[in-house]
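A note on names: the letters A, B, ... follow the listed sequences, proteins ahead of strands, and every chain is numbered from 1.
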Number of protein chains: 2
Amino acid sequence: MRLVIARCTVDYQGRLTAHLPEAVRLLMVKADGCVAVHADGGAFKPLNWMNAPNTLVEYPDRWEVTSAKGEALLITIHEVLSEQRYDFGDDPGLQKDGVEAHLQELLAERPWALEDGMSLVRREYPTSLGPVDLLCTDSRGRAVAVEIKRRGEIDGVEQLTRYRERLDMDSRLAPVRAMFVAQSIAPQARTLAESRGVEALEVDYDDLRQIESSRPRLFDLH
Amino acid sequence: MRLVIARCTVDYQGRLTAHLPEAVRLLMVKADGCVAVHADGGAFKPLNWMNAPNTLVEYPDRWEVTSAKGEALLITIHEVLSEQRYDFGDDPGLQKDGVEAHLQELLAERPWALEDGMSLVRREYPTSLGPVDLLCTDSRGRAVAVEIKRRGEIDGVEQLTRYRERLDMDSRLAPVRAMFVAQSIAPQARTLAESRGVEALEVDYDDLRQIESSRPRLFDLH
DNA sequence: GACTCTATCTCGGTA
DNA sequence: TACCGAGGTAGAGTC
C-alpha cells in the first residue's frame with residue numbers, strides 16, 4: 001500500500017472522459033496495482049481510479065496509468081506533500097451473512113415453509129430470460145415459480161412475471177403459479193403482485209432457521 | 001483526512017452482517033465523517049465502510065461507528081502501525097463527459113439517425129412513471145417512445161415498456177411505437193424486446209457524431 | 001422525504 | 001471470456 005498526498009490535476013480517458021482541476025488529494029496505490037484518487041469527502045468512492053491490471057509509469061511531474069483496454073489516467077503532480085508505503089500482507093477476506101443467497105439456501109431446504117405440501121424441483125431453474133430462484137410443486141402437483149429477495153420491490157415482481165411467462169410456454173408446467181418471497185415487501189410491490197396474480201409472502205430469516213430442514217443434522221453445531 | 005494503518009478486526013451489523021478477521025488494513029476517515037476500511041488490494045472498494053452522517057466513538061482498543069439507521073461498525077484495533085492527518089481544503093469536483101446524457105443529446109439533435117424521417121417532439125417527455133428519454137414522430141406521424149442507454153440490458157426494456165403503457169393511455173399518441181437504443185444490447189434484452197414488440201437498435205457514439213446535426217455550426221471547431 | 005434512474009457502477013457466478 | 005444478476009449498491013435529480 002502506497003499513500004501519497006499531493007496537489008494534483010487528473011484526467012481520465014476511457015469509458016468516459018473526466019477532468020479534475022488542481023487540488024490536494026490522496027493517491028492510493030494498492031499492492032495489486034490499482035490506483036485511486038480520493039478527495040477528503042464524498043463518501044468512500046474515489047473521484048477517479050484505474051483498476052488492476054494496469055501499467056503505472058512515473059515521471060517527476062506526472063503519473064501515467066494505462067490499461068490494456070485503452071483507458072488512460074493522467075495524474076499531473078504539482079507538489080507532493082506526503083508519501084508513505086506499507087506492506088500489509090495477505091487479507092483473509094470478508095465473511096458475509098444474511099444476503100439473498102442464504103435466504104434461497106434456507107428456503108430450498110425448507111420449501112414447506114412457503115406452503116404446506118410444497119416440494120423443491122430445482123434451484124436456479126433456467127429459462128431463456130434467466131434462472132428462476134426456485135421451481136417447486138405444490139401439494140396438487142402444480143408448478144410454482146418462486147422469486148426470492150431480501151427486500152421485495154417492484155423490479156422483483158417484474159422479474160418473476162417474466163419468468164412465469166416463459167415457464168407457461170412449457171406445456172408440461174403450465175399453468176404456473178408465481179410466488180414472490182422476501183423479508184419485507186414494499187407496498188407498491190405488493191400492489192403490483194396482486195394485479196399480476198402473483199402471490200406475495202413475507203418470511204422471517206430467524207424464524208426460517210428454526211423450521212426443520214430437509215437435511216437434519218444429528219449434531220446441530222453452532 | 002485521517003489515515004490509520006492498523007492490525008484490526010472488523011464487524012458490521014446493519015443491512016447485513018459481516019466480519020473481517022484480524023489483519024493489517026488502512027482505516028480512512030474523511031472530513032465528512034465517513035469511515036472506510038481498505039485492504040491492500042481488491043480495487044477501490046473498501047472491505048467495509050460507514051457513510052456519513054455517523055457517530056465515531058474512539059476507545060483505546062476499538063472504534064465504534066454507528067448511524068441513525070441502526071447500522072454499526074465495530075473496529076477492534078490490535079495495534080496501530082501508523083497514523084497521519086492532513087487538511088486538504090475544498091475540492092473543485094469532477095467534470096464528466098461521454099455518459100448517457102451525451103448520447104441522448106446527440107440523438108436529440110439527429111433523430112433521423114434512428115430512422116429515416118424521424119423527428120423530435122421533446123426530450124425527457126414526462127409520464128406519471130418518469131420521463132421518456134425522447135418522444136419522436138416517425139415519417140407517418142406515429143409517436144415513438146425512445147429509451148437510450150449506454151449498455152442495453154433487460155431493465156431498460158422493462159422501463160420502456162412501462163412508459164409505452166402510459167403513453168398508450170393518451171388517445172392523441174396511441175398506438176405508440178417503442179424503440180430501445182444503446183451502444184450495445186445484451187442478448188436477453190433483445191429477446192425480451194422482441195417479445196414485447198419493442199424495436200432494438202444499436203448505435204455507435206463516434207459514428208453519430210459524424211452525422212449532420214439539426215443545429216449545424218458555421219465553424220466546426222474541434 | 002420518497003421515488004426514479006444512472007454508474008468508468010463493482011463483484012461474483014456460470015456457461 | 002462474455003453474460004447476467006445482486007449490491008450494505010451509491011449518488012444525483014426530481015417531485
**Request:** Give a yes or no on whether a salt bridge exists between A:D133 and A:R123, defined as a side-chain N under 4.0 angstrom from a carboxylate O.
**Result:** no
Taken to the nearest whole Å, NZ/B:K96 to P/D:dG11 is 11 Å
- [ ] Classify the nucleic acid contact of B:E147 as base, sugar-phosphate or nothing, counting any heavy atom under 4.0 Å across all strands shown.
- [x] sugar-phosphate
Between CZ of A:R123 and P of D:dG5 the distance, given in whole Å, is 17 Å
A:E158 atom CD is separated from D:dC4 atom C1', nearest whole Å, by 18 Å
Between B:P131 and A:Y12, the residue closer to the 5' end of DNA chain C by nearest nucleotide is B:P131
Original post:
Does the side chain of B:R190 get closer than 4.0 angstrom to OP1 or OP2 of D:dC4 through an N or O atom?
Top reply: no
Taken to the nearest whole Å, CD/A:E105 to C1'/D:dA6 is 16 Å
Rounded to whole Å, CG of A:D155 lies from P of C:dC3 at a distance of 13 Å
query: Is the distance from OP1 or OP2 of D:dG7 to the nearest side-chain N or O of B:R15 less than 4.0 Å?
result: no
**Asked** Any chance CG of B:D204 has more than 12 other-residue heavy atoms, nucleotides or ligands included, within less than 6.0 Å?
**Response** yes
| field | D:dT9 OP1/OP2 closer than 4.0 Å to side-chain N/O of A:R151 | value | yes
Closest to the 5' end of DNA chain C, once B:E100 and A:I154 are matched to their nearest nucleotides, is A:I154
Comparing A:A43 with A:Y163, nearest DNA chain D nucleotide closer to 5' gives the residue A:Y163
Practice task
Ignoring backbone atoms, establish whether A:K45 has a side-chain N or O less than 4.0 Å from OP1 or OP2 of C:dT8.
Solution key: yes
Across every strand shown, the nucleotide meeting Watson-Crick or G-U wobble geometry with D:dG5 (both distances under 3.5 Å) is C:dC11
Separation of C:dT8 atom C1' from B:Q183 atom CD, nearest Å, is 13 Å
### Query
Quick one: is C:dC5 close enough that its OP1 or OP2 comes under 4.0 Å of any side-chain N or O from B:R162?
yes
Taken to the nearest whole Å, CG/B:L103 to P/C:dT8 is 14 Å
Nearest-Å distance once atom C1' is located in both C:dT10 and C:dT6: 14 Å
Below 4.0 Å: OP1/OP2 of D:dT9 and any side-chain N or O of B:W49 = no
Review point. Do any side-chain nitrogens or oxygens of B:Q159 fall under 4.0 Å of OP1 or OP2 in C:dT6?
Key: yes
| said: It should be established whether A:N51 places a side-chain nitrogen or oxygen under 4.0 Å from OP1 or OP2 of nucleotide C:dT10. | reply: yes
Between CG of A:L134 and C1' of D:dG5 the distance, given in whole Å, is 16 Å
Exercise. Under the 6.0 Å and 45° cation-pi test, does B:R166 pair with B:Y163?
Worked result: no
**Asked** Looking only at atom C1', what distance separates C:dA7 and C:dC11, rounded to whole Å?
**Response** 14 Å
Are any of B:Q188's side-chain N or O atoms less than 4.0 Å away from OP1 or OP2 of D:dG5?
yes
Tell me, yes or no, whether the heavy-atom count around A:D155 atom CG, taken from other residues, nucleotides or ligands under 6.0 Å, exceeds 12.
yes
Could you check whether atom CD of A:Q13 has more than 12 heavy atoms from other residues, nucleotides or ligands sitting under 6.0 Å from it? no
- Item | A:R196/A:E194 ion pair, N-O < 4.0 Å | no
